[in-house]
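In what follows, a structure is listed as C-alpha cells, so that the remarks can point back to it.
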Amino acid sequence: MSPGMQIVNATGTLGLLTDQGVIDVAQASDGLFSPDVQAVYQRWEEFRAWAATAADKAFPARPLGDVKLGSPVPRPSQVFAIGLNYHDHAEEAGLDTSLDSMVVFTKFPSSITGPDAEVELPPGAVDFEAELVVVMGQYAHRIDAGEAWDRVAGLTVGQDLSERETQLRPPTPQFNMGKSFPGFAPLGPAVVSVDEFENPDDLAIGCALNGVTMQQSRTKLMIFPVAEIIARLSQTVTLAPGDVIFTGTPAGIGFARDPKVLLGPGDELVTSVEGIGSLRTTFRARP
Ligand code: ZN
C-alpha cells in the first residue's frame, strides 16, 4: 500500500489525504497544481508522481474531521451509469440478463453532491442504489478491456439515487431524468488510486438505511466488470479524464422489496465500499 494517493475536495480545493490529515495541494506544490479539484484528472500521472514525493515531506495538514468535504469529482464532462449489472439485482427487477447487452444511461452532472449531503426529496418514490464509481484518468476510445484499468485514475463510492415514478413512467422509461434530481449523485469521500487496492475487481459494497443493512455484496459479482464496462463504452464514446462511471447496484433496493422501502424525510443512508470509505446522505422534505 502506498499511502497518500487519496484525494478529496476540501471545502472546494484539491486536498491530498495522508496519515497526517489533508494537505492543501495548491499550497504544498507551490502552485504547480491548481486548487480546482476537477482539473487534477487532466494531469493525473504527473500528479501521482508529485504526490509520491509529497508523502515524505512535512507539509501542514488539517485533520480530516475539520474539513467540509465536497464531491472529489465536482464537474465531470460525462457521467455514465450501468443498469442491471449484478445478476441478483436484475432478477429482483424481473429483467433478462442473457442478452450480452450492457444497459447505459446518464445522471446529469447537476445531480452531483458531496459525501455528507442533505438531499431534498422530490415527490414520488425515491430509492437507493449503492455503487462503485470509476473515475477516468485518461482518454479512452475504442480500447480493449486489457488496456482499460490503465486509463482509470481511481475509485470512489456513489449513490445512484432514483425517483422510480419518473424513471419508469410510460410511454418509455426515462432513467436519465428519474436519476438526476439535485443531490441524486452523492460521491466521495475520496478518490482512491487504483494501485491502493489489492484487487480492485473484488470489493465489499453495501448500504444501510437508518442503521439497517439494505444492500451487501461484492463487486466481483458484476456481470460486466469495470474493464469490460470501459471497453464497451469506449466503442461508442470517447471517455475523458475526470469522467465518472456508476457501475451498477447489487440486490436489495427498496423498490423491489415487499413492502417497498422508500426514502423519507429524516432518513440516514450510509453507503460504503471496501478500501474507500462511506458516504452519509440524509433526506429532507421538499418545502
Ligand atoms: Zn444504478
Side-chain angles (χ1 to χ4, degrees), residues 6-11 15 17 22 63-74 81 85-86 88-89 92 107 111-122 125-135 154-164 179 181-192 196-197 200 202-222 244-257 259-285:
Q6 302 201 16
I7 63 159
V8 294
N9 177 340
T11 331
L17 187 58
V22 180
L64 184 59
D66 293 358
V67 174
K68 170 73 182 160
L69 294 178
S71 169
V73 200
N85 200 25
Y86 290 77
D88 55 358
H89 172 56
E92 73 182 355
K107 294 170 80 71
S111 63
I112 289 173
T113 191
D116 192 14
E118 190 186 49
V119 175
E120 186 182 291
L121 291 161
V126 180
D127 199 356
F128 47 84
E129 297 189 357
E131 306 209 5
L132 174 73
V133 172
V134 172
V135 185
L155 301 174
T156 192
V157 184
Q159 249 301 333
D160 178 14
L161 294 171
S162 306
E163 196 286 286
R164 303 295 185 197
K179 291 164 175 277
F181 289 90
F184 269 34
L187 292 172
V191 170
V192 179
E196 292 265 311
F197 299 90
D202 183 18
L203 306 171
I205 181 170
C207 71
L209 179 60
N210 303 321
V212 178
T213 300
M214 289 284 139
Q215 297 184 283
Q216 193 169 34
S217 189
R218 300 199 68 88
T219 60
K220 72 173 177 194
L221 299 174
M222 286 180 186
V244 299
I245 306 167
F246 284 71
T247 56
T249 201
I253 63 162
F255 207 65
R257 289 167 182 268
K260 289 180 170 57
V261 175
L262 300 172
L263 295 169
D267 279 349
E268 182 198 55
L269 182 64
V270 176
T271 311
S272 311
V273 176
E274 180 182 4
I276 304 171
S278 297
L279 299 172
R280 179 181 169 276
T281 313
T282 56
F283 298 89
R284 65 165 186 270

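Predicted model, so just to flag it, every value in this text is computed and none were measured. Any value given below was found using the heavy atoms of this structure, including those in side chains, with hydrogens, waters and symmetry copies removed.
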[X] versus [Y], closest heavy-atom pair with distance:
X	Y	value
Val191	Thr156	CG2-CB, 4.2 Å
Ser71	Pro115	N-CD, 4.3 Å
Val192	Gly275	CG2-O, 3.8 Å
Asn210	Gly266	OD1-O, 4.3 Å
Pro186	Thr281	CG-OG1, 3.9 Å
Pro189	Ser278	CD-O, 3.4 Å

Requested in this report: Only counting residues at least two apart or in another chain, list the ones meeting salt bridge (charged side-chain N to carboxylate O under 4.0 Å, His left out) with Asp116.
Outcome: Arg280

Report task. Could you walk me through whether Leu263 and Asp127 pass the side chain to side chain contact (heavy atoms under 4.5 Å, CB included) test, one step at a time? Result -> CA-CA 6 Å; Leu263 295 169; Asp127 199 356; 5.9 Å; no

Query - NZ or CZ of Lys260 within 45° of Phe255 ring axis and under 6.0 Å - result: yes

Report task. Test the Lys107-Phe184 pair against the cation-pi criterion, namely NZ or CZ under 6.0 angstrom from the six-membered ring centroid and within 45° of the ring axis. Result -> no

Note, [X] side chain near [Y] side chain (heavy atom, < 4.5 Å):
X	Y	value
Lys179	Leu161	no
Pro265	Phe283	no
Leu209	Asp267	yes
Ser162	Val126	no
Leu64	Leu17	yes
Val157	Glu131	no
Ile205	Ser272	no
Ile112	Leu187	yes

To the nearest 0.5 Å, how far apart are [atom1] in [X] and [atom2] in [Y]?
X	Y	atom1	atom2	result
Thr249	Glu92	OG1	CD	8.0 Å
Glu274	Leu155	CD	CG	11.5 Å
Ile276	Leu203	CD1	CG	6.5 Å
Arg218	Leu132	CZ	CG	12.0 Å
Glu120	Arg284	CD	CZ	5.0 Å
Thr219	Asp202	OG1	CG	5.5 Å

Report summary line: Residues passing the ring pair (Phe, Tyr, Trp, His ring centres under 6.0 Å) test with Phe128, sequence neighbours excluded, are none

**Report entry** Qualifying residues under ring pair (Phe, Tyr, Trp, His ring centres under 6.0 Å), relative to Tyr86, sequence neighbours excluded
**Finding:** none

Query raised in the report: When you look at Val134 and Thr247, which way does the side chain to side chain contact (heavy atoms under 4.5 Å, CB included) test go after all the steps?
Result: CA-CA 7 Å; Val134 172; Thr247 56; 3.8 Å; yes

Report task. Would you check if the side chain of Gln215 reaches a backbone N or O of Ala130 as a donor-acceptor pair within less than 3.5 Å? Result -> yes

Report task. Decide whether Thr271 and Gln159 meet the rule of one side-chain donor and one side-chain acceptor closer than 3.5 Å. Result -> yes

Query raised in the report: CD of Gln216: more than 12 outside heavy atoms within 6.0 angstrom?
Result: no

